[in-house]
Amino acid sequence: MKKLICLLFLFGTVAFAKTGYEGYWMMDDGKFIIKIEKTKQEEYVGHVVWLKNLYYPKGDKMEGIEQYDRNNPDKNLRVKSRKVMGLQIVGELYEKNGKLKDGWVYDSWNGKLYHGSAKLVDEDHLKLRGSFDKIGIFGISQKAERVKDLKKYNLKEF
């Protein structure tokens with residue numbers, strides 16, 4: 001019986017580690033999905049792969065135009081060709097002690113870059129944090145849920 005329990009625990013740990021941080025994550029507000037990938041350099045990066053509203057909504061001064069990085073503090077990056085869809089919004093995160101640390105998170109809706117970190121709450125829930133300070137005391141956390149039904153959002157498996 002002990003062997004069976006150990007085997008199940010080991011299998012569960014391996015299955016959890018296999019999915020880990022990589023995958024598609026719906027942010028808590030339901031406005032967008034990011035895809036987090038691990039590069040060959042062991043860096044975790046995230047790109048926007050789905051937007052609830054691809055185009056600026058009715059009443060917006062840019063109504064009907066595909067959303068772009070219009071609030072970027074760098075005027076050279078506030079161009080209509082720099083779309084929010086596909087935009088890298090997470091970078092330079094490296095796994096340390098089971099958490100992702102020392103990276104950045106970019107909020108294209110307000111044009112702000114934050115110190116970034118992330119941790120898995122469980123296999124299907126992620127806590128992504130953007131902080132004003134490098135230690136992570138002052139900032140905001142956002143929860144995300146793993147997207148399992150990629151077809152529902154017309155996403156392709158990676």
Side-chain angles (χ1 to χ4, degrees), residues 8-58 60 62 64-72 77-132 134 136 139-158:
L8 288 172
F9 177 76
L10 181 63
F11 176 74
T13 304
V14 170
F16 183 77
K18 185 179 178 188
T19 54
Y21 290 98
E22 292 185 282
Y24 294 89
W25 298 94
M26 169 72 77
M27 301 316 289
D28 198 30
D29 59 9
K31 291 182 180 178
F32 63 102
I33 295 173
I34 62 172
K35 177 182 177 186
I36 295 180
E37 298 176 281
K38 187 176 181 182
T39 69
K40 290 179 183 176
Q41 294 76 29
E42 304 292 311
E43 173 190 6
Y44 286 87
V45 298
H47 294 83
V48 176
V49 294
W50 178 85
L51 288 167
K52 183 176 184 178
N53 296 311
L54 183 60
Y55 301 95
Y56 289 110
K58 191 172 187 170
D60 189 282
M62 304 221 167
I65 296 173
E66 187 174 344
Q67 291 195 39
Y68 66 98
D69 195 11
R70 69 180 177 182
N71 295 315
N72 195 303
L77 297 177
R78 280 188 231 152
V79 293
K80 290 181 182 177
S81 60
R82 187 174 157 90
K83 307 288 186 196
V84 172
M85 181 65 79
L87 187 66
Q88 183 177 351
I89 61 167
V90 174
E92 297 178 13
L93 288 173
Y94 293 92
E95 194 164 0
K96 295 177 184 173
N97 301 322
K99 297 179 182 177
L100 299 183
K101 298 181 177 182
D102 301 328
W104 54 265
V105 176
Y106 177 65
D107 183 346
S108 65
W109 280 277
N110 68 21
K112 304 273 186 201
L113 187 66
Y114 301 97
H115 295 280
S117 61
K119 71 177 185 176
L120 286 171
V121 177
D122 59 41
E123 184 177 340
D124 293 323
H125 296 90
L126 174 76
K127 183 174 147 185
L128 185 62
R129 183 159 180 82
S131 305
F132 297 106
K134 192 170 186 171
I140 189 165
S141 295
Q142 190 170 18
K143 292 180 182 176
E145 185 173 340
R146 187 179 301 278
V147 177
K148 295 180 180 179
D149 185 3
L150 302 180
K151 292 178 185 175
K152 179 178 178 181
Y153 301 98
N154 200 23
L155 301 174
K156 297 178 183 171
E157 184 71 51
F158 66 97

Using atom types as modelled, flag every donor-acceptor pair under 3.5 Å from a side chain in residues 80-94 to any protein atom, sequence neighbours excluded.
residue	atom	partner	partner atom	Å
Arg82	NE	Asp69	OD2	2.8
Arg82	NH2	Asp69	OD2	3.3
Lys83	NZ	Lys80	O	2.9
Gln88	NE2	Val90	O	2.9

For the pair Tyr114 and Arg129, evaluate side-chain contact (heavy atoms from CB on, under 4.5 Å) and give the outcome as yes or no after the intermediate values. CA-CA 9 Å; Tyr114 301 97; Arg129 183 159 180 82; over 6 Å; no
List the residues meeting side chain to side chain donor-acceptor pair (under 3.5 Å) with Lys38, not counting sequence neighbours, and say none if there are none.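 Result, side chain to side chain donor-acceptor pair (under 3.5 Å) vs Lys38: Glu42.
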Inspect the surroundings of CG in Leu113 and state if more than 12 heavy atoms from other residues, nucleotides or ligands are less than 6.0 Å away.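 It does: Leu113 CG has more than 12 such atoms within range.
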State whether Arg146 and Asp124 are salt-bridged, where the test is any N-O pair (Lys NZ or Arg NE/NH1/NH2 against Asp/Glu carboxylate O) under 4.0 Å.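 Yes, this pair counts.
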Between Tyr21 and Lys119, is a side-chain contact (heavy atoms from CB on, under 4.5 Å) present by the stated rule, with each step listed? CA-CA 8 Å; Tyr21 290 98; Lys119 71 177 185 176; 4.1 Å; yes
Using the test ring-ring contact (aromatic ring centres under 6.0 Å, His included), find all partners of [X] that sit at least two apart in sequence or belong to another chain.
X	answer
Tyr56	none
Tyr68	none
Trp50	Tyr153
Tyr106	none

Would you name the heavy atoms of Ser131 and Gly136 that are closest together and state the gap between them?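 Shortest heavy-atom contact: OG-CA, 3.2 Å.
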If you compare all heavy atoms of Met26 against all heavy atoms of Val147, which two are closest, and at what distance to 0.1 Å?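 What the structure gives for the nearest pair is N-CG2, 3.6 Å.
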